[in-house]
There are 2 protein chains.
Amino acid sequence: MSRRDDVLKTALELLDEVGIDDLTVRRLADRLGVQPGALYRHFPSKRALLDAMVKQIVSTASADPPPGGDWADHLRAMASSARDAMLAYRDGARLLATFHDPGPAAVAAFHRIVGLLHAAGVPSGTALVAVDTVFSYVNGFTIEEQARRNEVPLDRRNQDFQAGLGLIIAGIRAQLT
Amino acid sequence: MSRRDDVLKTALELLDEVGIDDLTVRRLADRLGVQPGALYRHFPSKRALLDAMVKQIVSTASADPPPGGDWADHLRAMASSARDAMLAYRDGARLLATFHDPGPAAVAAFHRIVGLLHAAGVPSGTALVAVDTVFSYVNGFTIEEQARRNEVPLDRRNQDFQAGLGLIIAGIRAQLT
DNA sequence: ACCTGAACACCGTTCAAGT
DNA sequence: ACCTGAACACCGTTCAAGT
């Protein structure tokens, strides 16, 4: 574990404790027992640190499809996995939303699920819209649930999330030839 | 026009020019030709100013349903109107996402459209999920399109937005009794 | 009623210098 | 390689004092 990884790990812990608005270079330095300027030996800027945090969070969203599932199962698994990754840290969804530039793994996963829908009978244009729509929904839903922290119990939020997802999947199913 | 309204109007102009990350009390004071502390005569905090900006933006989202339209037309009109309100200012969606204490007008509009779906044959639980899903989608979509500024032409974004919305509406339609 | 002047406790960032 | 010390240009906020 390099010092850089140590800084990154501590930054994620701090994010989870204080939220993104109070995630400060100086606070992070304090927690590491170091002067603020010392962090710039490991990351060229705060933005670069945030990017590394995003990359770390995104990497936890496993893209493994459930074996034997149909396209709807894959779509549900992918959406749930994305949401879970964001929920793992306080303000995770907001952090990812400000970030632009999906990594090659995310792009690959995106195209794979689009191909799956196409193979299942959805016109490829519609398949693209469908996957985009699901991700807009996941991001919007998760940002909102994290904004209202603990206001609604997790069980209920999970239920609502699946219900909305089911609605979109029903809409996709209606486009099947 | 009170001085408070003048400050609010200038704040919205500044937001549109520099974005929410560079919207600063000091910059705003500078533009108003005033010392930073003077703004606290009109708003108790920056957060209160942002809240007022949100309220102003939300108020432009007209809740008038199109005359003679069915529930799908109403839902489309409401979703488009919400998106248009956010698009009116740079980072509008992000600004609304961080706060979004829905005013009584928004709550009323929400319940009205839920009632419409219910009257059209959607079970009331499903109607609630449907409207929530549409708003999660609208927020997620608009945050993303504003994050990638000008990368995609507006015509294309409008098309994509309507396509995704159509998918969700098709899903709702599939739940009609 | 509205603003100034001046302070306070913060912020991200840079860089010569130390080990 | 990693960090200190010290500075720089910024933040939001407060408040006595002016008009």
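Predicted, not measured: the structure shown is a model, and the values here were computed from it. Throughout, protein chains are lettered first and strands after them, A, B, ... in sequence-line order, and every chain is numbered starting at 1. Heavy atoms only: backbone and side chains are in, while hydrogens, waters and symmetry mates are out.
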Starting from [atom2] on [N], measure out to [atom1] on [X] and report it in whole angstrom.
{"X": "B:L49", "N": "D:dC11", "atom1": "CG", "atom2": "P", "result": "15 Å"}
{"X": "A:I20", "N": "C:dC11", "atom1": "CD1", "atom2": "C1'", "result": "15 Å"}
{"X": "A:D22", "N": "C:dG12", "atom1": "CG", "atom2": "P", "result": "11 Å"}
{"X": "B:F43", "N": "D:dT14", "atom1": "CZ", "atom2": "P", "result": "15 Å"}
{"X": "A:L39", "N": "C:dT14", "atom1": "CG", "atom2": "C1'", "result": "13 Å"}
{"X": "B:D30", "N": "C:dT4", "atom1": "CG", "atom2": "P", "result": "11 Å"}
{"X": "B:R41", "N": "C:dT4", "atom1": "CZ", "atom2": "C1'", "result": "11 Å"}
{"X": "A:L28", "N": "C:dC10", "atom1": "CG", "atom2": "P", "result": "17 Å"}

Output yes when at least one side-chain N/O atom of [X] is less than 4.0 Å from OP1 or OP2 of [N], else no.
{"X": "B:Y40", "N": "D:dT13", "answer": "yes"}
{"X": "A:Q35", "N": "D:dC3", "answer": "no"}
{"X": "B:H42", "N": "C:dA1", "answer": "no"}
{"X": "B:R3", "N": "C:dC3", "answer": "yes"}

| request: May I ask you to check whether A:R83 and A:N158 show a side-chain donor-acceptor distance below 3.5 Å? | output: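 Side chains of A:R83 and A:N158: pair found under 3.5 Å.
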| said: Between A:R3 and A:D6, does any side-chain N to carboxylate O distance fall below 4.0 Å? | reply: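 Yes, A:R3 and A:D6 are salt-bridged.
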| query | Is there a Watson-Crick or G-U wobble partner for D:dG18 with both distances under 3.5 Å, and which nucleotide is it? | reply |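 Because both required distances fall under 3.5 Å, D:dG18 counts as paired with C:dC2.
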| Watson-Crick or G-U counterpart of D:dC8, or none if no pair lies under 3.5 Å |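 Base partner found: C:dG12.
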Choosing from [options], which nucleotide comes nearest the side chain of [X]?
{"X": "B:R27", "options": "C:dG12, D:dC3, D:dC11", "answer": "D:dC11"}
{"X": "B:K46", "options": "C:dC2, D:dG12, C:dT4", "answer": "D:dG12"}
{"X": "B:T24", "options": "C:dT13, C:dT4, D:dC11", "answer": "D:dC11"}

| Residue whose nearest DNA chain D nucleotide is more 5′ - A:P36 or A:R26 |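 Nearest-nucleotide comparison on DNA chain D picks A:P36.
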| query | What are the two closest heavy atoms between B:L96 and B:M86, and how far apart are they? | reply |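 Scanning both residues, the minimum pair turns out to be CD2-CG, 4.1 Å.
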| For the residue pair A:Y137 and B:F141, is the inter-centroid distance of their aromatic rings smaller than 6.0 Å? |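 No, ring centres 6.0 Å or more apart.
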| query | Just one of B:R156, B:R149, B:R148 clears the side chain to side chain contact (heavy atoms under 4.5 Å, CB included) bar with B:V152, so which one? | reply |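 Answer to the side chain to side chain contact (heavy atoms under 4.5 Å, CB included) test with B:V152 among B:R156, B:R149, B:R148: B:R156.
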